[in-house]
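Every value quoted in this text rests on a predicted model; they were computed, and no experiment measured them.
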Amino acid sequence: MACSTVLIVSSAAASEVKVSKNDQGHFVLLRDGAPYLIRGAGGWSHLALLKEHGGNSIRTWGIETLELPVDGKRVIDRCAELGITVAAGIYVGHERHGFDYSDPAQINRQREAVRAAVRKYKDHPALLVWGLGNEMEGPTSDGRDPRIWKELNELAAIVKAEDPHHPVMTVIAGAAPTKVQGILAHYPNIDILGVNAYSGGGGAATAVKAAGWRKPFVLSEFGPSGHWEVPKTLWGAPIEPSSRDKAAAYYSTQKTLIEDAADISLGSYCFVWGQKQETTSTWYGMFLKTGEKLPQVDAMCRAWTDQWPKNRCPRVSRFDSELKEAVFAPGQLCTVRAEATDPDGDELKWEWTVTAESTDLKVGGDQEAEPPSFPEAIVLAEKNQVVIRTPAKPGNYRVFAIVRDGKGGASAENLCFRIEAKPPPPQ
Amino acid sequence: MKHILALIVALFTTLTAPAQQLDFGDRTSATITSKAWGAMNAKNYPDAAAYAQECVKMYEKQAVEMQKQLKEPVPNTDKEAVSKLWALNDVGTRLFIAGQALEKLEKKPEALAAYKKLVETLPFAQCWDPQGWFWKPADGAKGRVKALEFDSLK
């Protein structure tokens, strides 16, 4: 059965995708001659739900992802089956991961890997664009080092020689003018500039234009304010935006992009259509680990289609506690309260967890380990209210509240607290 | 527009009392800006909004004049040219701070009014980000308007 599906998909015609300009002089992506606005998400799970909520494309980061199994098929085949296109990411070396742009042997190996990836997938009908590299300049780089841009120019030439029918997009972290200028000076083969931007996502296209960018643009990752962009507790823990703030951020970024950057924007990919541990287990994921969608998904549906989905996530209206951003001694009893309503009137169920603050913190989205949880800290959980006995071990913690509607929708909140053997007196 | 102006007046009236007790230093735009950011970072939202309001009141006329002289934003790569538009930049930034502080104070209509005023009257204001570039407060304000409107959708 799987074999026959692959045959069917492989026999479908490869798409021809190109960048063009419309009557208004705006850049557009033409897929087999028809204008194609990317309503995309980064990730490769919950693909049917993406389609159902109005999305039409996914973005991946490494070429191996296309082979992963999803719904019993390869990711790229499942996308083709659903009519979802793929911005196929090809990993390009990061110096922080040990790649040396001064080493000819490493450079040659990378060029051959890029060539092989393009040869393998260039005729697949789901392919939309090549995502050549993601933040390879480094998330904290100022982009002034020309070596990476020059090598990307070589790599893009290889891609184009192998496949003249799909544009090359390269993705950078943030819209710093020095990066844009580096690309303008050293990377003429690029077709589309992708920018990953969080709290500044809505203004990223305007920012690159101001820096001199005149080619097409894609907002290649966006979402809530990043953990590096938000206020912190006194002990340095980043305060995660509420579920409602996150949903509003996705919506406003998407709408702002459409309104303000129609001249260069080909669309966007929200981050991340799935679940990911990065600072916390709920910061960037648009789904829970248990599979329920979060309000960010509903927000994207609204932004893409101007309609709400059939089933909406619960809406949290209150989440507070004396523990919130406070320092307590071990063994204290504290209460956390939450309130939520469900737009569809579904019955809500709450789940409460106490975890350590993550200490396995990385940069640039690198994989992080989940911190331990402390079920013994939950003394009494009564629906939307929980009594917690503060942990015995001094350290930094979070309380998570998850509310589910039982129909695939949920909301998640958390607050930070700290345990000290001798906490300072309350002010 | 009338509605927005009424809300702005209401906002300023609300904040007049605390403003009288604030220390404005040498009353330069730069000093008040720095105090507004300081209050914001210290989560002292009433003071942040009041400092912002004072700066808007003092320098709004010059800011609007500077905006009127521009047909497009000054390129954000020309730091000197951007910095010359000090009143435009400072008042625009202050309106953004006012909006942020008012959101924290759960005064959503007033926050919306501050953001909309910024978007409509000072769209070319720019603010220096310590990471090394200028950003436009009006872009941020536009996003907040959409976010607040989304949050109130039924």
Side-chain angles (χ1 to χ4, degrees), chain A residues 140 142-144 174-181 197 199-212 222 224-225 228-229 231-232 234 239 241-261 295 298-300 302-303 306 308 312 315 317 325 343, chain B residues 37-45 48 70 72-79 81-82 92-93 96-97 99-101 103-104 106 108 111-112 115-116 118-119 123-154:
Chain A
T140 56
D142 64 6
R144 291 180 203 274
T178 46
K179 294 186 186 183
V180 175
Q181 286 154 4
S199 68
T206 314
V208 299
K209 277 195 284 183
F222 70 96
S225 293
W228 64 95
E229 297 171 313
K232 293 183 170 55
L234 291 173
I239 299 167
S242 71
S243 58
R244 277 170 59 181
D245 282 347
K246 283 196 234 179
Y250 279 86
Y251 176 87
S252 69
T253 300
Q254 174 69 15
K255 285 290 193 186
T256 303
L257 180 73
I258 296 292
E259 286 177 18
D260 287 3
D298 293 356
M300 287 310 303
R302 181 84 193 194
D306 282 329
W308 290 117
R312 287 172 63 188
R315 179 181 164 96
S317 54
E325 296 159 37
Chain B
W37 275 129
M40 194 71 198
N41 290 335
K43 298 183 181 176
N44 183 347
Y45 303 120
L70 299 174
E72 58 186 25
V74 172
N76 64 358
T77 45
D78 189 345
K79 197 170 176 181
V82 174
T93 304
F96 186 75
I97 296 174
Q100 296 272 285
E103 275 196 70
K104 295 289 184 189
E106 298 194 358
K108 285 191 179 176
L112 262 175
Y115 291 139
K116 284 182 176 175
L118 169 54
V119 171
F124 297 162
Q126 298 190 55
C127 178
W128 179 250
D129 186 313
Q131 291 179 90
W133 55 80
F134 283 101
W135 60 281
K136 291 195 190 66
D139 288 344
K142 204 180 282 181
R144 290 313 303 156
V145 169
K146 289 195 179 349
L148 289 169
E149 288 174 347
F150 171 79
D151 194 55
S152 62
L153 282 173
K154 297 293 176 200

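- Residues B:G143 and A:S252 share a closest heavy-atom pair of O-CB, 3.2 Å.
- Note on residues 124-145 of chain B: pairs passing salt bridge (Lys or Arg N to Asp or Glu O under 4.0 Å), not counting sequence neighbours, are A:D260-B:K142, B:E103-B:R144.
- Looking only at heavy-atom pairs under 4.5 Å with chain B, the residue among A:P343, A:A303, A:A247, A:G212 that has the most is A:A247.
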**Item:** Evaluation steps, salt bridge (charged side-chain N to carboxylate O under 4.0 Å, His left out), between A:E325 and B:K43
**Value:** CA-CA 13 Å; A:E325 296 159 37; B:K43 298 183 181 176; 3.1 Å; yes
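- Counting non-hydrogen atoms of other residues, nucleotides and ligands closer than 6.0 Å to CG of A:L234 gives a total of 12 or fewer.
- Taking chain B as the reference chain and counting heavy-atom pairs below 4.5 Å, the highest number among A:P177, A:A249, A:G203, A:P231 is found for A:P177.
- The choice from A:A176, A:A175, A:A207, A:A211 that makes the most heavy-atom pairs within less than 4.5 Å of chain B is A:A176.
- Contact annotation for A:T256: both backbone and side-chain heavy atoms come within less than 4.5 Å of a heavy atom of chain B.
- The choice from A:R244, A:E259, A:R312 that makes the most heavy-atom pairs within less than 4.5 Å of chain B is A:R244.
- The stretch residues 145-154 of chain B places B:K146, B:A147, B:F150, B:D151, B:L153, B:K154 near chain A, each with some heavy atom under 4.5 Å from a heavy atom of that chain.
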